[in-house]
Peer 1: 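Okay, here's the structure, questions in a sec.
Reminder, nothing fancy here: chain letters follow the sequence lines and each chain counts from 1.
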There are 2 protein chains.
Amino acid sequence: MPEIRLKKTEIRAENESRILKSAERIFARHGFRGSSMRMIADDASIPKANIHYYFSSKEKLYRRVVERIFTVWLEAAASFETSNDPHAALHSYISEKMEISRLYPDGSKVWANEVIHGAPIIHDFLTSALEDWTNSRIVAMRRWIEEGKIRDVEPRWILYMIWATTQHYADFAHQIETLNDDKALSINQWQQARDTVFDIIWAGLEPKD
Amino acid sequence: MPEIRLKKTEIRAENESRILKSAERIFARHGFRGSSMRMIADDASIPKANIHYYFSSKEKLYRRVVERIFTVWLEAAASFETSNDPHAALHSYISEKMEISRLYPDGSKVWANEVIHGAPIIHDFLTSALEDWTNSRIVAMRRWIEEGKIRDVEPRWILYMIWATTQHYADFAHQIETLNDDKALSINQWQQARDTVFDIIWAGLEPKD
DNA sequence: GTCTATAGATTGATAGAC
DNA sequence: GTCTATCAATCTATAGAC
């Protein structure tokens, strides 16, 4: 009965996707413990028991959500080229990170929430992919410094500054909107913010003549 | 019986202080919903029922914790002088914010956690004190721009950059330590990070000649 | 002011009919 | 694959003895 099995696979894919999307939104808004399976089920318009049918436990569902977020992060990470043009590499990376904050703020919030609480569930992500990536970029930035392409600044503080500033626009969106007359940032404001973030950081790295 | 009343007052002050300190640590580590009154009671070595005796409900205890954090924030806010020396004002403010991240990371985490989740409990802080303070500093920075003392950059993106970067060292401390061979930053590293944050931001604001 | 016992509500998870 | 009913654990909060 190949037809029936195909259909079941499609139903599974469709439902899993709907649940993951709702879970990301609910976890972002209420945190892991503050989110109940019932809230996620209601948001996805799927009976609560079915969430357990597709994802055996709340923790496994949460981990799947974080894995999705990490995939998005990896795509942005790739845009930080270790070529020999720091201006282009940093501009591309910062722009990409700001776009992620604008388009997927929930993912950023779940990640922030997890790290704030000591990364009890995703610690392995930090000590593997993130650590490798960070060290490779630090090496690249050190080379730029030796070649006189950027100023002599400890690379890791620059990376933290980029992460902090770009992710702030997602994680603290509520505060930013409150200070913006309770309105979300307009496209123009997003562009201006993105350009300012890059301009300030680049002004601090650009070699003085 | 003035003696007995005095002693009771002292006991109350002592116990309330112990509970608030434990609550801040537990809330920072596990979030509001992830923290139970039992965890806070155990951390403070005080019977669970007594927490309810001193603070009528979990939410009121949480609010008292956030009020304490806001007091610390206000002290740092005062160090951002609206005088006519932007270099001194920003250096003082950034240094103060970095010190807060170093000395009171738990408070910063509770605040971040709250804003990430849409500030359900502290929304009034955002729309009163924080909004007033922010607007006053934006006015001051606009004046600096008109007087040619800093470059023409939208002040609010600068403020967000300062908040994001300084608070990142508290909120994402776990990630930073993981990338630092699982060790907390040394005093030297804190100083270097603080100086770098200021230098980069000032390089982007300092008028070009 | 301290502390045990417990009420009342909510939660993650599962059993079992359809 | 869907969904109702329900269990067992946990939580906030309080009553009441000391």
Peer 1: Distances under 3.5 Å between protein N/O atoms and the N/O atoms of nucleotides 12-16 of chain C, please, pair by pair.
Peer 2:
{"residue": "dG12(C)", "atom": "OP1", "partner": "Ser35(A)", "partner atom": "O", "Å": "3.3"}
{"residue": "dG12(C)", "atom": "OP1", "partner": "Lys58(A)", "partner atom": "NZ", "Å": "2.9"}
{"residue": "dG12(C)", "atom": "OP2", "partner": "Met37(A)", "partner atom": "N", "Å": "2.9"}
{"residue": "dA13(C)", "atom": "OP2", "partner": "His52(A)", "partner atom": "NE2", "Å": "3.1"}
{"residue": "dA13(C)", "atom": "OP2", "partner": "Lys58(A)", "partner atom": "N", "Å": "2.8"}
{"residue": "dA13(C)", "atom": "N7", "partner": "Lys48(A)", "partner atom": "NZ", "Å": "3.4"}
{"residue": "dA13(C)", "atom": "N6", "partner": "Lys48(A)", "partner atom": "NZ", "Å": "2.6"}

Peer 1: Report yes if the side chains of Pro120(B) and Glu114(B) come closer than 4.5 Å at any heavy-atom pair, otherwise no.
Peer 2: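 Side-chain contact under 4.5 Å: yes.
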Peer 1: If I take atom CZ in residue Arg18(A) and atom P in nucleotide dT2(D), what distance separates them, rounded to the nearest angstrom?
Peer 2: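 One finds 10 Å between P of dT2(D) and CZ of Arg18(A), rounded.
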Peer 1: In whole angstrom, give the distance that lies between atom NE2 of His30(B) and atom P of dC11(D).
Peer 2: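 Interatomic distance, NE2 of His30(B) to P of dC11(D): 11 Å.
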Peer 1: In whole angstrom, what separates Asn15(B)'s CG from dT2(C)'s C1'?
Peer 2: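 Rounded to the whole Å, the gap is 10 Å.
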Peer 1: Could you tell me the separation between the CG atom of Asp42(B) and the P atom of dC3(C), rounded to a whole number of Å?
Peer 2: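 Rounded to the whole Å, the gap is 13 Å.
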Peer 1: Send over the distance from Leu61(B) CG to dT12(D) C1', rounded to a whole Å.
Peer 2: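 Nearest whole value for this atom pair: 12 Å.
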Peer 1: Treating a pair as Watson-Crick (purine N1 to pyrimidine N3 plus N6-O4 or O6-N4) or G-U wobble (N1-O2 and O6-N3) with both distances under 3.5 Å, list the stems of 3 or more consecutive pairs that involve DNA chain C.
Peer 2: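 In DNA chain C, stems of three or more pairs: C:1-18 with D:1-18.
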Peer 1: Which word best sums up how the rings of Tyr93(B) and Phe80(B) line up, parallel for under 30°, tilted for 30 to 60°, or perpendicular for over 60°?
Peer 2: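 It falls in the tilted class, 30° to 60°.
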Peer 1: Mind checking if Phe55(A) touches a base, just sugar-phosphate, or nothing, with heavy atoms under 4.0 Å?
Peer 2: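 The residue Phe55(A) makes no contact with any strand.
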Peer 1: Take atom CZ in Arg33(A); do more than 12 heavy atoms of anything else shown fall under 6.0 Å from it?
Peer 2: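 Open: at most 12 neighbouring heavy atoms sit under 6.0 Å from CZ of Arg33(A).
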Peer 1: Going by the angle between their ring planes, with limits at 30° and 60°, are Phe198(B) and Trp202(B) parallel, tilted or perpendicular?
Peer 2: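 Phe198(B) vs Trp202(B) ring planes: parallel.
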Peer 1: Check step by step if side chain to side chain contact (heavy atoms under 4.5 Å, CB included) holds for Leu20(B) and Leu61(B).
Peer 2: CA-CA 8 Å; Leu20(B) 282 170; Leu61(B) 170 59; 3.9 Å; yes
Peer 1: Nearest whole Å is fine: how far is dG1(D) C1' from Asn50(A) CG?
Peer 2: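 One finds 7 Å between C1' of dG1(D) and CG of Asn50(A), rounded.
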Peer 1: What is the distance, rounded to the nearest whole Å, between atom OH of Tyr54(B) and atom C1' of dT12(D)?
Peer 2: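 It works out to 19 Å between those atoms.
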Peer 1: Do the two ring centres, one from Trp111(A) and one from Phe70(A), sit under 6.0 Å apart?
Peer 2: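 Yes, close enough.
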Peer 1: Do Val153(B) and Asp199(A) touch side chain to side chain, with heavy atoms closer than 4.5 Å?
Peer 2: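 With C-beta onward as the side chain, the pair stays apart.
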Peer 1: CG of Asp106(B) to OG of Ser22(B): how many Å apart, nearest 0.5 Å?
Peer 2: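 Reported to 0.5 Å precision, the distance equals 10.5 Å.
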Peer 1: Evaluate the ring planes of Phe32(B) and Tyr62(B), with Trp represented by its six-membered ring, and classify them as parallel (under 30°), tilted (30 to 60°) or perpendicular (over 60°).
Peer 2: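 The arrangement is perpendicular - the two ring planes meet at more than 60°.
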